[in-house]
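This report refers to the structure that appears directly beneath it.
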Amino acid sequence: MASLQTGCCIVGGGPAGVMLGWLLARAGVRVTVLEKHKDFFRDFRGDVVHPSTLELLSELGVLEDFLQVPHQKMTTAGASFGGFDFTAADFRTVSTHCKFVVLMPQWDFLDFAARQASRIDGFELRMQHEVTGLLRDGKRVTGVQVQTPEGEREVRADLVVGCDGRHATTRQAAGFEVIETGVPIDVLWFRVGRAGDEPERLLGTVNYGKALILINRGDHYQAGLIIRKGSFDQLRQAGLDAFRASLVQIAPYLDGRVQEVQNWDQVKLLSIQINRLRRWYTDGLLCIGDAAHAMSPAGGVGINLAIQDAVAAANLLGGALRRGPVGEELLQRVQCRREFPVRATQALQRRAHHLLDSAVFTHTGPMQAPWQLKLAVRIPGLQRVLARVVGVGVRPEHVVKPRRCASPGLRRLAIFAGVTIAAAVLLTRKAQSSY
């Protein structure tokens, strides 16, 4: 069986994996990213790039290039509740270079990040490499088993990082304990055409006991209908006509375009999960992103939290990985750094789900916005606070400039020069004291 040796083997070429590979290679670590698919062109859901991620791209010096990739910008995030339209978050107030969110298909984001990383010596992205298990030396993880188009092979590494999503092979093979949080909702994803003069409601339209999210993708919407968990079979039994009618009921301006949904194969069920690992690491293995903590789509923050994990991991591990294997104490520091932001964000998401379950799903007819909501959106500074929470997040990370170690020859030269200078100073002082 063919074997490959690398410094860090990253399992999964999603936002966390590609970003971590980019940052570690930039720090001088030899990195191999393994992605099981042949390309990035798949129907991802995380299309919202928040100001916190744009700030990282600015720190990396590639923001202007990134903004050349086709995208849409939103400076505010609005919603509609029972016909009451309101602005929930105003990103023009955040303390970042970019005071807006970018709506961009995730495959375009990944293509951009992978191109940037591939310019750095030591970065390697291998597509159609599916990890099937872990390699161990005693209790320590030393690499992964991989299925490739050419057959099975082994990739050995000083550190394996699982970035392979909420159904991660890495965390299952390691036997990590998953703490599940009950979630009362699921989401049905589908596409529907878009007209240019329609309202931008990133946070959704709520009415008739349902909530509809519409993400602007230029000529069409990536639409998400939030439903009570386990109710998809009931919707299917009611038929497509009833499903399309319910969409028009919530958003009348979609009338005529919902006919684009011709069969249930065009409607994908996303079973929502909120969970986290009790422990993100073991000797030789670390999990980050969705592999460590599955997030709800609420707020569209999942991709950005995964990227924040990658930045924290690169900052804490980059220097040590240049020298070889890292100990569990460093991996523990990554979890300690990122666990609080994850748990705080998940708590907010659970609260949002509870409100949907108690205040929305219990209705079947037309809804009216409660007076508490109408009063809350008039509180001074609320849109600023929500923009900070959604767009920047809890404890945002920043890219640390890598400190590359000098070669052994340069280190010896520096030591020799230092000793020579010190000796010269001592001789000069001794000569002066003899006069």
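All values below come from the heavy atoms of this structure, side chains included, with hydrogens, waters and symmetry mates left out. Predicted, not measured: the structure shown is a model, and the values here were computed from it.
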Identify the heavy atoms of A77 and F91 that sit nearest to each other, and give their distance. CB-CE1, 3.8 Å
Flag, side chain of K229 to backbone of I272, donor-acceptor distance under 3.5 Å: yes
Ring-plane angle category for F190 and F243, please: parallel below 30°, perpendicular beyond 60°, tilted otherwise. perpendicular
Is the closest side-chain heavy-atom distance between E59 and L56 below 4.5 Å? yes
For the backbone of I179 and the side chain of N275, can you confirm whether one donor and one acceptor N or O come within less than 3.5 Å of each other? no
Kindly indicate whether the side chain of E152, heavy atoms from C-beta on, has any atom under 4.5 Å from the side chain of T132. no
Minimal non-hydrogen separation, G300 against H50, with atom names: O-CE1, 2.9 Å
Around atom NZ of K210, are there more than 12 heavy atoms of other residues, nucleotides or ligands at under 6.0 Å? yes
Does this structure show an ion pair linking D309 with R338, if we count only N-O contacts that are shorter than 4.0 Å? yes
Does V377 offer a backbone N or O that forms a donor-acceptor pair with the side chain of Q383 under 3.5 Å? yes
Report, as yes or no, whether the 6.0 Å neighbourhood of atom CG on D137 holds more than 12 heavy atoms from other residues, nucleotides or ligands. no
Just verifying a value: how many Å separate I288 CD1 and C163 SG, rounded to the nearest 0.5 Å? 4.0 Å
How far apart are the closest heavy atoms of Q308 and R395, and which atoms are they? OE1-O, 4.2 Å
Kindly check if the number of other-residue, nucleotide or ligand heavy atoms within 6.0 Å of CZ (R333) is above 12? no
Parallel under 30°, tilted from 30 to 60°, perpendicular over 60°: which one fits the rings of F109 and F66? perpendicular
Give the C-alpha distance, both sets of side-chain angles, the deciding distance and a yes or no for side chain to side chain contact (heavy atoms under 4.5 Å, CB included) between E397 and R337. CA-CA 10 Å; E397 304 292 342; R337 174 73 186 176; 2.9 Å; yes
Heavy-atom count check: over 12 atoms from other residues, nucleotides or ligands less than 6.0 Å from Y253 OH? yes
So do the side chains of V31 and W22 get within less than 4.5 Å of each other, counting heavy atoms only? no
I need the I227 CD1 to L270 CG distance, nearest 0.5 Å. 10.0 Å
So, the side chain of Q222 versus the backbone of I215: is there a donor-acceptor pair under 3.5 Å, distance only? no
Point-to-point distance, once rounded to the nearest 0.5 Å, from CG of L110 to CD1 of I303: 7.0 Å
Please round to the nearest 0.5 Å and tell me the distance separating atom CD of E130 and atom CD of E35. 9.5 Å
Quick one: does R136's side chain have a donor or acceptor within less than 3.5 Å of a partner on G138's backbone? no
A314 and L23 have their tightest heavy-atom pair at CB-CB, 3.5 Å
Donor-acceptor check, side chain of E124 to backbone of L34, threshold 3.5 angstrom: yes or no? no
Say you draw a straight line from CD1 of I185 to OG of S296; how long is it, rounded to the nearest 0.5 Å? 5.0 Å
Do other residues, nucleotides or ligands put more than 12 heavy atoms under 6.0 Å from the CD atom of Q234? no
Checking salt bridge (Lys or Arg N to Asp or Glu O under 4.0 Å) between E177 and each of R278, R171, R276, which is the one that passes? R278
Here the pair of heavy atoms bringing R388 nearest to P396 is NH2-CD, 3.9 Å
Using a 3.5 Å distance criterion without hydrogens, assess whether the side chain of R244 forms a donor-acceptor pair with backbone atoms of V261. yes
Using atom types as modelled and distance alone, determine if a side-chain donor or acceptor of N207 lies under 3.5 Å from a backbone N or O of M367. yes
Stepwise side chain to side chain contact (heavy atoms under 4.5 Å, CB included) test for Q145 and L135: CA-CA 7 Å; Q145 297 170 325; L135 302 175; 3.4 Å; yes
Does V187 reach the side chain of I213, with side-chain heavy atoms less than 4.5 Å apart? no
Evaluate the side-chain proximity of V267 to L235: yes if any heavy-atom separation is below 4.5 Å, no if none is. no
Give a yes or no on whether the backbone of L321 and the side-chain of D158 come within a donor-acceptor separation of less than 3.5 Å. no
Give a yes or no answer on whether the side chain of D186 reaches the backbone of G230 with a donor-acceptor pair at less than 3.5 Å. yes
Before giving the answer on side chain to side chain contact (heavy atoms under 4.5 Å, CB included), spell out for T169 and V144 the whole-Å C-alpha distance, their side-chain angles and the decisive distance to 0.1 Å. CA-CA 10 Å; T169 298; V144 293; over 6 Å; no
Heavy-atom check, side chain of Q106 versus side chain of F40, under 4.5 Å: no
d(R115 CZ, L125 CG) to nearest 0.5 Å is 12.5 Å
Ion pair check, K139 and E328, cut-off under 4.0 Å: no
When every non-hydrogen atom of C287 is compared with those of T170, the smallest separation belongs to SG-OG1, 3.8 Å
Side-chain contact test, heavy atoms from C-beta onward, threshold under 4.5 Å: evaluate it for V102 versus V69 and give yes or no. no
Heavy-atom check, side chain of L103 versus side chain of V48, under 4.5 Å: yes
Carboxylate-amine/guanidinium contact R384 D90, below 4.0 Å: no
Start with the C-alpha distance between L54 and L63, add both sets of side-chain angles, then the distance that settles side chain to side chain contact (heavy atoms under 4.5 Å, CB included), and finish with yes or no. CA-CA 7 Å; L54 298 173; L63 178 60; 4.2 Å; yes
Determine whether more than 12 heavy atoms belonging to other residues, nucleotides or ligands lie under 6.0 Å from atom CG of N263. yes
